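Here is the structure we will look at.
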Number of protein chains: 2
Amino acid sequence: MKKKVSIRDIAERAGVSIGTVDRVIHNRGRVSEKTRKKVLHICEEMNYEPNVLAQRLAADKAYIIATFTPKPRRDNAYWRFPLEGINKATEEIAGYRVTVKQFFFDINDEESFRHESLNMLVTQPDGVLIAPIFHREARDLARKLDLNNIPYVFIDSRIEGTNYLSYFAQDPFRSGYLAGRLIWFHLKKHSEVLVVNFTADLENHLHLKQREAGLRQFMKEQNYKGHIRSLNISPRDELLLSHKLYENIHHKTRGLFTTSSAHKVARSIRKIRKKELMFVGYDLTPDNVKYLNQGIIDVLLCQKPAAQGYGALRALFDHLVRRKEVSKEHPMPIEIVVKENYEDYSDI
Amino acid sequence: MKKKVSIRDIAERAGVSIGTVDRVIHNRGRVSEKTRKKVLHICEEMNYEPNVLAQRLAADKAYIIATFTPKPRRDNAYWRFPLEGINKATEEIAGYRVTVKQFFFDINDEESFRHESLNMLVTQPDGVLIAPIFHREARDLARKLDLNNIPYVFIDSRIEGTNYLSYFAQDPFRSGYLAGRLIWFHLKKHSEVLVVNFTADLENHLHLKQREAGLRQFMKEQNYKGHIRSLNISPRDELLLSHKLYENIHHKTRGLFTTSSAHKVARSIRKIRKKELMFVGYDLTPDNVKYLNQGIIDVLLCQKPAAQGYGALRALFDHLVRRKEVSKEHPMPIEIVVKENYEDYSDI
DNA sequence: TAGGTTTGCGTGTACGTACACGCAAGTTTT
DNA sequence: AAAACTTGCGTGTACGTACACGCAAACCTA
């Protein structure tokens with residue numbers, strides 16, 4: 001194939017040294033206007049494109065990317081998945097002089113977010129991946145990063161009004177809307193649907209609220225006449241869950257939608273006759289998958305957490321190292337997972 | 001941060017020259033067993049990983065990758081998608097001295113496959129991506145490539161008994177099995193299911209046959225007592241389709257499964273009352289999506305054709321350029337697509 | 001006008017790897 | 001035993017770019 005032109009070729013043709021060409025290309029100044037024009041013209045003419053390999057090799061800069069996510073724990077298996085994606089991307093970009101440092105905070109403790117974010121900042125990262133669980137604290141962190149001109153990417157959700165490089169998250173309303181469709185397949189004319197929100201403060205977990213809103217919107221658009229009940233229950237009252245469910249599920253109930261922690265609801269309703277009930281929940285955690293396999297849960301909506309971690313890290317890499325344009329928006333697909341295809345989603 | 005170890009570091013620690021380390025790493029021989037072991041041991045110990053950039057720069061080889069897929073046409077929109085994935089991957093690896101050349105054949109003409117494959121071979125590609133539509137011809141091509149030690153990757157399906165580097169395709173049986181589950185959600189005790197195979201020769205399109213087999217297997221395992229009809233119709237008899245469908249769909253029919261060309265069936269049954277019928281088909285072609293949006297088709301199973309093209313090209317890149325181990329098996333996930341999330345699948 | 005600064009350019013080394021070559025010591029062939 | 005290989009290793013150059021350094025000539029300052 002036709003050989004690529006190098007700055008040496010340019011230099012030769014222009015009758016100058018490669019140093020001069022280098023200065024022109026990088027706008028380092030100290031070149032006469034006449035020479036500059038000439039070199040640029042020849043670059044154009046010979047269709048010069050820099051050799052990325054040689055650039056990176058010569059630049060020899062070691063990048064540091066920091067990740068900042070909730071610490072995965074037994075009752076919080078979900079956050080292992082983004083880490084898997086992060087680890088995969090880390091492996092792939094090994095050899096490019098990029099160091100990825102992982103930092104964690106406690107998902108139930110705003111203070112740990114503040115504290116650990118400082119630990120992260122002192123490593124002087126060149127880019128940061130953030131799961132902005134705590135709105136206010138995450139916004140403060142974003143501001144600091146903006147001040148220092150450090151690019152950052154959000155996963156899971158995003159903070160409006162910040163200057164993020166990109167985000168990778170699912171639209172909660174749309175996913176609820178889709179859940180509506182799935183339950184709809186199974187409904188009869190006079191059935192009922194039960195929505196379970198497992199949280200103490202629905203207003204502080206807007207994505208759960210939006211999931212429910214999406215489902216109700218769908219039913220409304222279908223002119224569904226049956227009743228849609230909501231059951232909001234705090235994690236503190238977990239012991240009451242079983243009782244509450246029995247109270248709210250009866251022979252007309254043909255749809256069940258949990259906006260989080262599907263496995264807890266699944267455990268409670270194990271004994272209810274199942275073929276009658278279309279049960280849709282979220283996320284492929286091991287606990288949830290167990291009940292999916294048992295046929296208690298029918299569908300799990302997946303937000304591809306591993307892909308989020310993977311994509312976000314690669315976005316930072318593309319931006320920092322490869323200097324490529326990165327798309328600012330990355331709405332994650334809403335994956336429909338049933339017993340028969342959940343294996344497809346066990347890896348990234 | 002900790003500097004990456006180079007072969008120089010290895011050489012220093014081992015008390016040999018970098019040339020020796022190079023010979024060990026590349027198995028060029030002419031190194032005493034003792035030295036070899038020592039160097040390898042130190043590589044392990046220092047966790048040496050080659051710098052891809054420097055490797056590529058030094059090798060200074062320009063790779064050629066050829067792709068060989070059906071030419072996308074108006075009645076064959078599907079094959080645009082793999083190309084999109086191929087183009088995306090091509091962009092990503094631009095700058096690594098890799099040239100991707102696309103070759104096409106006519107999906108209805110075995111002769112064009114043979115002919116174009118020769119055109120492809122004369123470019124002396126270093127790796128090939130193949131859509132093995134014609135079993136016998138594809139096998140011949142694979143043999144030639146094997147003889148010349150040119151690695152190749154299959155998409156869409158694979159030819160058993162060949163020495164492919166990797167494949168990216170969906171398991172047709174499993175996808176039919178999954179379709180069974182989806183239709184099952186909608187069935188009543190005494191309903192019927194209709195399966196439509198749109199082909200002249202089911203034996204020559206085994207993946208369609210396997211899709212149907214998967215569905216039947218699922219129903220069998222559920223102890224489904226209702227009837228499952230099969231309607232095999234040749235594309236030549238397309239005009240009869242409408243009539244045949246009316247003949248085979250009646251008030252008890254609550255499931256409709258097309259193993260291909262869903263849009264043609266959809267067009268024919270537009271006028272049949274719909275809410276009663278759960279219609280599952282394959283592939284997100286524009287025609288199919290149109291009927292998905294109109295509510296005629298309920299679910300499309302997607303085999304991620306763009307991801308297949310993308311993954312296959314990257315696999316070749318990883319193998320040739322990055323010399324990384326490539327997984328031989330890449331079963332594609334079976335994506336469940338409904339009206340409410342099809343947009344998520346419009347890009348890669 | 002001596003001294004300093006700026007402008008404009010070339011040279012040299014480094015990045016990490018591949019590979020051709022060379023050379024001494026040991027081994028086989030004639 | 002001389003000639004011809006083989007084994008085991010080191011050296012040197014190339015890949016294309018970045019960047020520090022150096023050095024004239026031109027320009028400015030006091």
Side-chain angles (χ1 to χ4, degrees), chain A residues 1-40 42-43 46-63 93-98 320-323, chain B residues 1-40 42-43 46-63 94-98 320-324:
Chain A
M1 297 307 84
K2 51 178 188 279
K3 276 207 80 166
K4 272 248 177 184
V5 296
S6 71
I7 58 170
R8 193 184 320 290
D9 302 324
I10 305 286
E12 205 164 311
R13 183 91 88 91
V16 297
S17 77
I18 60 168
T20 304
V21 177
D22 177 68
R23 272 183 292 267
V24 170
I25 290 173
H26 291 83
N27 286 316
R28 292 193 221 280
R30 298 173 67 111
V31 179
S32 74
E33 191 53 28
K34 196 177 148 194
T35 312
R36 211 181 75 88
K37 285 238 173 85
K38 188 173 176 186
V39 168
L40 282 179
I42 293 184
C43 280
M46 300 182 75
N47 203 8
Y48 168 74
E49 279 183 31
N51 182 322
V52 195
L53 298 156
Q55 273 182 329
R56 287 279 301 127
L57 184 62
D60 194 37
K61 169 157 169 63
Y63 289 93
I93 63 183
Y96 288 84
R97 294 259 190 154
V98 179
L320 290 171
V321 178
R322 307 182 60 195
R323 315 234 161 154
Chain B
M1 297 314 83
K2 51 175 189 282
K3 280 204 76 165
K4 267 253 173 185
V5 296
S6 72
I7 58 169
R8 194 185 319 287
D9 301 326
I10 305 285
E12 205 164 310
R13 183 92 88 94
V16 297
S17 75
I18 60 167
T20 305
V21 176
D22 178 68
R23 273 183 291 267
V24 170
I25 290 172
H26 293 83
N27 285 315
R28 292 192 220 280
R30 300 174 66 113
V31 179
S32 75
E33 191 54 27
K34 198 177 146 194
T35 312
R36 210 181 75 86
K37 284 240 173 80
K38 189 173 174 186
V39 168
L40 282 179
I42 292 183
C43 281
M46 300 182 73
N47 203 8
Y48 168 75
E49 278 185 33
N51 182 321
V52 196
L53 298 157
Q55 273 183 330
R56 289 282 298 126
L57 185 62
D60 194 36
K61 171 164 167 56
Y63 288 94
Y96 286 83
R97 293 257 191 155
V98 178
L320 291 170
V321 178
R322 308 182 60 193
R323 316 236 158 151
K324 288 196 85 170

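Just so it is clear, the model here is predicted, and its values are computed rather than measured. Every chain is numbered from 1, with letters handed out A, B, ... down the list of sequences.
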Nearest heavy-atom neighbours spanning B/Arg36 and B/Asn27: NH1-OD1, 3.8 Å
Partners meeting side chain to side chain contact (heavy atoms under 4.5 Å, CB included) with B/Ser17 (sequence neighbours left out): B/Thr20
Atom-pair distance (OH on B/Tyr48; P on C/dG16), nearest Å: 10 Å
For atom CD of B/Glu33 and atom C1' of D/dG8, their distance in whole Å: 13 Å
B/Val39 vs B/Val16 side-chain heavy atoms within contact, under 4.5 Å: yes
Of residues 19-28 of chain A, the positions that come close to DNA chain D - non-hydrogen atoms, cut-off under 4.0 Å: A/Asp22, A/His26, A/Arg28
Residue-level proximity of residues 6-15 of chain B to DNA chain C when a heavy atom falls under 4.0 Å: B/Ser6, B/Ile7, B/Arg8
Stepwise side chain to side chain contact (heavy atoms under 4.5 Å, CB included) check, B/Asn47 with B/Val5: CA-CA 8 Å; B/Asn47 203 8; B/Val5 296; 5.9 Å; no
Atom pair distance, as rounded to whole Å: CG in B/Leu57 and C1' in C/dC15: 9 Å
Distance (rounded to the nearest 0.5 Å) between B/Ile7 CD1 and B/Ile18 CD1: 5.0 Å
Contacts of B/Arg28 that satisfy side chain to side chain contact (heavy atoms under 4.5 Å, CB included) - sequence neighbours left out: B/Asp22, B/Arg23, B/His26
Spacing of B/Tyr63 atom OH relative to D/dC15 atom P, expressed in whole Å: 17 Å
Every protein N/O lying under 3.5 Å from an N/O of nucleotides 24-26 of chain C:
none

Spacing between B/Asn51 atom CG and D/dG16 atom C1', to the nearest angstrom: 14 Å
Under 4.0 Å protein heavy-atom contact, by nucleotide of nucleotides 23-29 of chain D - B base, S sugar-phosphate only: -------
Terminal helix-axis angle for the helix from C/dG4-D/dC27 to C/dT30-D/dA1, with five pairs defining each axis and rounding to 10 degrees: 50°
Side chain to side chain, B/Lys34 and B/Lys38, heavy atoms closer than 4.5 Å: no
Under the side chain to side chain contact (heavy atoms under 4.5 Å, CB included) test, residues paired with B/Leu57 that sit two or more places apart: A/Asn51, A/Ala54, A/Leu57
Of B/Ala54 and B/Ser17, the one whose closest DNA chain D nucleotide lies more 5': B/Ser17
Side-chain N or O of B/Ser32 closer than 4.0 Å to phosphate OP1/OP2 of D/dT7: no
Reported CD-to-SG distance for the pair A/Glu49 and A/Cys43, which is rounded to 0.5 angstrom: 11.5 Å
Residue pairs passing the salt bridge (Lys or Arg N to Asp or Glu O under 4.0 Å) test where at least one lies in residues 8-19 of chain B, sequence neighbours excluded: B/Arg13-B/Glu45
Below 4.0 Å: OP1/OP2 of C/dC9 and any side-chain N or O of A/Thr35: yes
Value in whole Å for how far the C1' atom of C/dT17 lies from CD of B/Gln55: 7 Å
Atom pair CD1 (A/Ile25) and CG (A/Leu40), whose distance is rounded to the nearest 0.5 Å: 8.0 Å
